Amino acid sequence: MKHKIRKIVLDAAQKGFENGVLPSSQIPEMEIEEPRISSHGDFSTNFAMVSAGIQKMPPRKIAQTMVQLIETLGKTSEETASLIEKVEIAGPGFINFFLSKEAWHPVVDRILEQDKKYGASDMGKNEKVQVEFVSANPTGPLHVGHGRGAAVGDSVGNILGFAGFDVQKEYYINDSGRQIRTLGTSVWLRLLQKSGKEIEFPDDCYKGDYIKELACEILEKEGKGFVQGDEKEAIALCAKFAAKKILKGIKEDLSSFGVTFDQWFSEQSLYDSGRVQKAIDDFTSKDLIYKEDGALWFRTQDFGDEKNRVVVRNNGLTTYFASDIAYHMEKYDRGFDKVIDVWGADHHGYIKRIDASVVAQGKKSSQFEVILVQLVNLLRGGKPFQMSTRAGEFVTLKDIVDEVGKDAARFMFLSRSYDSGLDFDLELAKQKNSNNPVYYVQYVHARITGILLKAKQENIIQSIDFNKGKNLNLLTTVEEINLIKILDTFKANVEKSAQTLHPHIIFTYLMTLASAFHGYYNKHKVITENRRQTLARLSLVLGVKKVIRNGLALLGVNAPERM
RNA sequence: GCGCCUGUAGCUCAGCUGGAUAGAGCAACGGACUUCUAAUCCGUAGGUCGCAGGUUCGAAUCCUGCCAGGCGUACCA
């Protein structure tokens, strides 16, 4: 609807220039906005104010001229005439448009026709985008923080896909390097303890109970003789076994959280294929890497980092940064126009150096973006939930999904901007009332399904799903027009969400739509004695149902038929 | 010290590519089920948009400087 209004303004301005009532044909940046206050119309533009300088006329004078031009336009264009009820000038020079009720009715038809595609956009122009998220080390189960990252990454991927991007979701497995060796050692030591050896468990090893369980499993599988074997070999075996097992658990936990990946990418494969070495050689030949104090340094400082960073330590081992460089090179080689990494906020110090490596290989800084997800504060009944990472006790993602459910958890994670820290209250997420936003929105879907089922039972409609609106001109109450207006903005919200990479925009939108629907539901009956009006209202609520479903799908939340 | 994020109602937060009287939920108080699901709705009350300057016809929104909180500042991952 907004772009229709914009077109009318542009046409009018053009006409004004041709007629000589406006001295300039230049069109400045202007806004078409939806005023908060209904007395300011359905749409409003600041055209007159921002044109004052160009036209060398006072804003209100321009506005007056424009109103006349738009009225003239209405006389020649039937579409414009049927769209606009009246145009007013207000305040310092706002031009306010009041639309006719009929102008809104086609929106319902569009929703029913487009169904699951309603709200989709071609804004991404099929551009190839990769979203990499979670990528937790396979050294332990996923915890709450990973959950938020998973929800955000998955959702951003969905939203970008819906907005016309060609999206691939990827998980990077850190299956190489020190922490995997530490994992192996941890399991090995627990295993030795199990078999009766007195060993002090080091502080820098993983302490969770899952390590002990893994040790038991290996012991059972390999038999008692295993502890007598070569230690180095045994640790390597432990590491491999544990990492594989843990990764399997991670996959399961993510899957029950509704998150699936298009690709799981192994860090080790970058070493095996020689890509890490190739990246180092490549940068060295371009003098981007130099040797100092026995280590190899990448000149990230030349790209705005605070200091240069080590890629190969003086003991000959590569740092994670080295494989990260190779990994990001590999991503672009796969043809992605844009690469998005979702990281926990505690990693923000890494942005500059990865960005440096991206720019150093000739990509634009805008082709790489990091979504920094702020930390989660876990609460229970309003009280902070202390987690002792040192003792290896923490609340896992699985615990949360088991306790509050996938939908509630995901909705909660996506309810706020990831720029802000998030309080996640387990008690609150479990409540099945208005304290818990997920039910508020899902309830709309269930309620509407109930209405449609009843209408079908009473033979008012043949099927609870149809793709053409009926008697839409009978939708005339303020609540109905208001609902349609909200439905109309869905696509704009999807686009904004895709552009800013902020899923909570969809959350906020769904809450607004749900609130408008519940209000309507309590004020008006859908099924009434008036059959024609009933059909009109059924069309409208079916539209609401579809938009709720589409929106929830973007967040990875189910839309239940019944609750 | 430096970097990133945050500061809006008692609480949790939207709004931040500048617009006309700053919103929602929770909590508080008062109402609405003989009805298509009350997991809902309606009403009342509640704000120096951290502080101070600046840009602008117009600033919660942009700029600068402070103040406060979180996180980070390794040849760790």
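All values below come from the heavy atoms of this structure, side chains included, with hydrogens, waters and symmetry mates left out. Everything quoted here is computed from the prediction, not taken from an experiment.
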With heavy-atom distances below 4.5 Å as the criterion, would you say the side chains of Leu428(A) and Met412(A) are in contact? yes
Would a 4.5 Å heavy-atom cut-off, applied to side chains only, mark Phe97(A) and Val9(A) as touching? yes
Taking [M] as the reference, what is the distance to [N] when you measure between their [atom1] atoms (whole Å, please)?
N: G54(B); M: U61(B); atom1: P; value: 14 Å
N: C16(B); M: C5(B); atom1: C1'; value: 15 Å
N: C29(B); M: U73(B); atom1: P; value: 47 Å
N: G46(B); M: A24(B); atom1: C1'; value: 14 Å
N: C71(B); M: C75(B); atom1: C1'; value: 24 Å
N: A20(B); M: A39(B); atom1: C1'; value: 38 Å
N: U64(B); M: A9(B); atom1: C1'; value: 29 Å
N: U12(B); M: A74(B); atom1: P; value: 33 Å

Categorize [X] for me: base, sugar-phosphate, or nothing, with a 4.0 angstrom heavy-atom threshold over every strand shown.
X: Ala345(A); value: sugar-phosphate
X: Lys525(A); value: base
X: His502(A); value: nothing
X: Ala446(A); value: base
X: Asn174(A); value: nothing
X: Lys307(A); value: sugar-phosphate
X: Asp346(A); value: sugar-phosphate

Taking 4.0 Å as the cut-off, does a side-chain nitrogen or oxygen of Arg537(A) come that near to OP1 or OP2 on C36(B)? no
Given A74(B), is OP1 or OP2 found less than 4.0 Å from the side-chain N or O atoms of Arg309(A)? no
Its dot-bracket string being built from Watson-Crick and G-U pairs below 3.5 Å, with | for another strand and [ ] for crossing, RNA chain B has the pattern (((((((..((((.....[...)))).(((((.......))))).....(((((..]....))))))))))))....
Which nucleotide wins on minimum distance to the side chain of [X], given the candidates [options]?
X: Thr319(A); options: C4(B), C36(B), C76(B); result: C76(B)
X: Ser420(A); options: U6(B), U40(B), U73(B); result: U6(B)
X: Val526(A); options: U12(B), C36(B), G70(B); result: C36(B)
X: Asn522(A); options: C75(B), C41(B), U73(B); result: C41(B)
X: Tyr521(A); options: C5(B), U40(B), C36(B); result: C36(B)
X: His348(A); options: A38(B), C41(B), C4(B); result: C4(B)
X: Lys454(A); options: G72(B), C41(B), C36(B); result: C36(B)
X: Met563(A); options: C75(B), A39(B), C5(B); result: A39(B)

Among side-chain atoms of [X] and [Y], is any donor-acceptor pair under 3.5 angstrom?
X: Asn308(A); Y: Tyr290(A); result: yes
X: Thr139(A); Y: Gln179(A); result: no
X: Glu267(A); Y: Tyr327(A); result: no

Within 45° cone and under 6.0 Å: Arg447(A) NZ/CZ vs Phe517(A) ring: no
Comparing Tyr206(A) with Gly421(A), nearest RNA chain B nucleotide closer to 5' gives the residue Gly421(A)
Any chance you could list the contact pattern along nucleotides 15-22 of chain B? Use B for base contacts, S for sugar-phosphate-only contacts and - for none, protein heavy atoms under 4.0 Å, 5' to 3'. SS--BB--
Which of parallel (below 30°), tilted (30 to 60°) and perpendicular (above 60°) describes Phe283(A) and Phe298(A)? tilted
Which of parallel (below 30°), tilted (30 to 60°) and perpendicular (above 60°) describes His502(A) and Tyr418(A)? parallel
Please find the pair of heavy atoms, one from Thr319(A) and one from Arg313(A), that lie closest to each other, and give the distance. CG2-CG, 3.9 Å
May I have the distance from [X] (atom [atom1]) to [N] (atom [atom2]), rounded to whole angstrom?
X: Arg353(A); N: C76(B); atom1: CZ; atom2: C1'; answer: 11 Å
X: Glu369(A); N: C4(B); atom1: CD; atom2: C1'; answer: 15 Å
X: Arg148(A); N: C71(B); atom1: CZ; atom2: P; answer: 15 Å
X: Asp423(A); N: U6(B); atom1: CG; atom2: P; answer: 16 Å
X: Asn493(A); N: A14(B); atom1: CG; atom2: P; answer: 16 Å

Within the 6.0 Å centroid threshold, strictly below: Phe94(A) and His40(A): no
Could you walk me through whether Tyr210(A) and Thr396(A) satisfy the side-chain contact (heavy atoms from CB on, under 4.5 Å) test, starting with their C-alpha distance in whole Å, then the side-chain angles of each, then the deciding distance to 0.1 Å, before giving a yes or no? CA-CA 12 Å; Tyr210(A) 63 94; Thr396(A) 63; over 6 Å; no
Taking syn as a glycosidic torsion within 90° of 0 and anything else as anti, which one is C62(B)? anti
